[in-house]
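Each remark here refers to the structure printed beneath this line.
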Amino acid sequence: MKNLLADIFEAAKKELPYLEGKPINFSIPNREEHGDYSTNIAMLLTKELKKKPRQIAQEIIDALDLNPAIVTKTEIAGPGFINFYMNKNYLANIIGIILEEKSHFGKSDKYSGKRANVEFVSANPTGPLTVGHGRNAVIGDTVSNMLEWVGYEVDREYYFNNAGRQMRVLGESVKIRCQQLLGEEIEFPDDHYQGEYIIDIAKKILAGNSNDISSLDDKLFKETAEKEIFADIEKTLAGLNIKMKVFFNENTLYEDGKIEGLLEQFKEKALSYEKEGAIWLKLSELGNEQDKVIVKSTGEPTYRLPDMAYHITKLDRKYDLIIDLFGSDHMATYPDVMAGVKSLGYDIDRIKVLIYQFVTLMQGGEVVKMSTRKANFVTLDELVEEVGADVVRYFFVMRSINTHLNFDLELAKKQSDENPVFYLQYAHARIASILRMTKEEKLEISLDHLNLLNHEAEVRLLKKLNSFRDDMLYAVENLEPQKVSNYLEELAALFHRFYTECRIIGSEKNLAEARIALVNAVKIVLANGLGLLGLSAPDRM
RNA sequence: GCGCCAGUAGCUCAACAGGAUAGAGCAACAGCCUUCUAAGCUGUAGGUUAGUGGUUCGAGUCCACUCUGGCGUACCA
């Protein structure tokens with residue numbers, strides 16, 4: 001719809017050259033008496049043209065070639081807004097388009113042919129996913145859906161590290177639990193993984209080895225733990241309808257010599273140096289605050305080096321867009337990694353880093369502090385079991401990723417019938433129900449009398465349907481999943497109002513059949529939006 | 001100390017990308033089901049947009065400073 005107005009302005013540029021290259025924005029006014037669309041372009045041009053904004057607005061309107069079948073009226077309002085009033089019959093055309101495009105309505109091929117990599121979750125396999133990981137998982141998957149929506153081919157990728165200290169401690173934790181289960185009196189160290197799941201893994205090992213672990217290699221404990229935990233993680237993700245395409249093991253970067261190669265490149269370019277037995281990267285020369293260690297004096301690289309190598313592999317894999325998603329606790333890591341990658345001549349503009357703020361888990365008004373090691377966490381599985389995948393997914397994306405999210409468990413559990421996600425799904429189910437009833441009444445869907453859709457509630461719905469495509473594209477291009485949920489809440493609200501004010505059964509036949517077309521269109525858009533968020537669109541509730 | 005994110009109604013959040021009189025839900029109060037799902041709708045009440053300056057024809061939105069909270073600021077990831 002905005003494109004249409006933009007085209008009309010484009011054509012007017014011949015007559016008014018000063019419009020060339022200007023940002024002509026159309027917005028939907030807050031107040032209906034200000035029209036259906038509005039632009040502020042006249043006010044933006046006052047300085048350059050040294051004319052009164054209302055005078056410029058008049059010039060622009062005179063130059064526009066407006067088809068009355070589309071735009072019925074324009075006006076100059078306030079300090080110099082140009083307001084457009086759309087033909088209601090034209091607005092109703094959207095119904096036909098929606099009914100034809102069905103599940104594709106609102107999608108775009110703007111980015112078709114492009115490939116994206118979205119890396120998310122990326123938790124090391126030391127324990128079950130927690131509520132904290134949930135926000136990451138859901139945002140990552142939703143962002144992936146959104147990119148697919150506009151044409152990208154998306155690879156969902158999970159990066160992990162099964163070497164390192166964490167994993168050693170994990171293996172030891174399992175071994176000690178085994179020994180304890182066999183009756184040995186060994187104290188379980190405080191800094192080891194305390195969770196119940198460690199004992200479960202230990203039991204599995206014992207069961208598979210006839211209770212004799214004396215001959216077992218230490219590696220087995222770690223590897224079994226990793227395997228079990230990963231299976232568990234994948235199951236958790238599957239419970240949220242998330243499926244990773246690639247599990248990228250950090251270790252392959254060592255095996256393929258990527259880490260060595262990277263070190264050599266830094267050395268060749270004189271970007272690294274040795275000090276106190278460690279190798280440092282000259283990040284201060286690359287515009288960052290201070291130099292950082294990339295190889296410890298023990299000879300072990302810090303996370304920065306493999307992270308850089310990893311990003312280089314992603315760039316080498318020729319993705320057009322690479323998205324990293326992590327929590328604000330990793331805030332400090334990415335500028336160093338990006339600076340390192342850039343210093344070797346790579347184009348880091350293709351990499352977008354999304355940082356979401358923490359989830360504060362509340363339990364009856366109190367903050368629950370969580371730590372995987374201490375095992376006083378609430379698992380994502382438990383949460384999904386309590387409130388369902390749809391609610392979990394919706395809660396995690398309904399707010400801007402930049403803001404903290406309070407997740408009150410008590411509330412989420414008992415809230416399940418006053419929850420926004422139910423509000424949306426209820427609208428969908430209500431329409432399904434209406435359609436079942438109208439079928440019994442022998443009413444058919446018809447596009448022949450859409451001009452009868454004149455009720456205020458109907459016109460508002462039509463306008464909202466018309467903005468779906470624009471709003472979704474905006475949400476995707478700005479990577480703001482919460483815009484999708486905002487749109488859906490507004491659409492559902494408009495539908496519920498329509499429902500109370502406009503009856504189908506009992507209305508005159510032509511009007512009733514036009515309304516059936518309208519609610520069918522609303523149903524499709526709701527389902528498409530819910531699908532984009534990875535939620536179900538139930539026909540009954 | 002420095003960096004990033006946030007601060008809007010009692011609570012959780014919107015505000016179309018600087019625009020016109022800041023809007024929803026929850027909670028509170030008052031209404032609406034013999035007719036398509038009341039998990040809904042209507043109405044009332046609730047605001048110095050944390051504060052102070054600035055830029056602008058116009059600021060919740062941009063800039064500066066202050067205050068409050070979160071996260072960082074490792075030879076952890």
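Reminder, nothing fancy here: chain letters follow the sequence lines and each chain counts from 1. Computation of the quantities below employed the complete heavy-atom set of this structure, encompassing side-chain atoms and omitting hydrogens, waters and symmetry-equivalent molecules.
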Ignoring backbone atoms, establish whether [X] has a side-chain N or O less than 4.0 Å from OP1 or OP2 of [N].
X: A/Asn402; N: B/rC5; result: no
X: A/Arg497; N: B/rG40; result: no
X: A/Arg430; N: B/rA38; result: yes
X: A/Tyr159; N: B/rA77; result: no
X: A/Lys296; N: B/rC76; result: yes
X: A/Lys483; N: B/rA15; result: yes
X: A/Tyr423; N: B/rC41; result: yes
X: A/Asn486; N: B/rA14; result: no
X: A/Ser433; N: B/rU37; result: yes

>> Both conditions, 6.0 Å and 45 degrees, for the charged tip of A/Arg430 above the ring of A/Phe495: are they met here?
In response: no
> Between A/Lys73 and A/Tyr85, is NZ or CZ placed under 6.0 angstrom from the six-membered ring centre and within 45° of the ring axis?
Replying inline: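 Here A/Lys73 passes the 6.0 Å and 45° test against A/Tyr85.
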Determine the contact category for [X]: base if any of its heavy atoms lies under 4.0 Å from a base atom, sugar-phosphate if only primed atoms, P, OP1 or OP2 are that close, otherwise nothing.
X: A/Asn478; result: nothing
X: A/Thr298; result: nothing
X: A/Thr302; result: sugar-phosphate
X: A/Glu276; result: base
X: A/Thr333; result: base
X: A/Ala432; result: nothing
X: A/Asp539; result: base
X: A/Ala332; result: sugar-phosphate
X: A/Ser27; result: sugar-phosphate
X: A/His496; result: sugar-phosphate
X: A/Arg540; result: base

Give a yes or no on whether the ring-centroid distance for [X] and [Y] is below 6.0 angstrom.
X: A/Tyr158; Y: A/Phe230; answer: yes
X: A/His455; Y: A/Phe498; answer: no
X: A/Tyr159; Y: A/Tyr310; answer: yes

> So, is B/rC57 syn or anti if syn means the angle is within 90° of 0?
Replying inline: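 B/rC57: anti.
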In the structure shown, which nucleotide is the Watson-Crick or G-U wobble counterpart of [N], with both distances under 3.5 Å?
N: B/rA77; answer: none
N: B/rG69; answer: B/rC5
N: B/rG53; answer: B/rC63
N: B/rG40; answer: B/rC32
N: B/rC26; answer: B/rG10

> Expressed in whole Å, how much space separates the P atoms belonging to B/rU35 and B/rC13?
Replying inline: 39 Å
> Expressed in whole Å, how much space separates the P atoms belonging to B/rC67 and B/rU52?
Replying inline: 15 Å
Just how far, in rounded Å, is [atom2] of [N] from [atom1] of [X]?
X: A/Glu250; N: B/rC76; atom1: CD; atom2: C1'; value: 13 Å
X: A/Lys442; N: B/rC36; atom1: NZ; atom2: P; value: 19 Å
X: A/Asp329; N: B/rC5; atom1: CG; atom2: C1'; value: 13 Å
X: A/Arg31; N: B/rA15; atom1: CZ; atom2: P; value: 19 Å
X: A/Ile28; N: B/rG23; atom1: CD1; atom2: C1'; value: 15 Å
X: A/Met167; N: B/rA77; atom1: CE; atom2: P; value: 14 Å
X: A/Ile505; N: B/rC36; atom1: CD1; atom2: C1'; value: 4 Å
X: A/Leu494; N: B/rA24; atom1: CG; atom2: C1'; value: 12 Å

>> Just verifying a value: how many Å separate A/Leu453 CG and A/Leu462 CG, rounded to the nearest 0.5 Å?
In response: 6.0 Å
> Without hydrogens or angle criteria, can the side chains of A/Tyr487 and A/Gln482 be said to hold a donor-acceptor pair below 3.5 Å?
Replying inline: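 Short answer, no.
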> Does the side chain of A/Gln425 come under 3.5 Å of the side chain of A/Asp390 through a donor N or O and an acceptor N or O?
Replying inline: yes
> Does any N or O in the side chain of A/Thr39 come within less than 3.5 Å of the main-chain N or O of A/Phe26, such that one atom is a donor and the other an acceptor?
Replying inline: no
> Does B/rA6 have A/His404 stacked on its base, where the ring centres are within less than 5.5 Å and the planes differ by under 30°?
Replying inline: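 Stack criterion not met.
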> Is the ring centre of A/Phe358 under 5.5 Å from the base ring centre of B/rG70, and are the two planes under 30° apart, so that they stack?
Replying inline: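 So no, this residue does not stack on that base, at least one cut-off failing.
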Tell me whether the side-chain N or O atoms of [X] pair up with the base of [N] as donor and acceptor below 3.5 Å, since no angle test is needed here.
X: A/Asn83; N: B/rA20; answer: yes
X: A/Asn40; N: B/rG19; answer: yes
X: A/Glu501; N: B/rC41; answer: no

>> On RNA chain B, compare the nucleotides closest to A/Phe498 and A/Phe81; which residue's is nearer the 5' end?
In response: A/Phe81
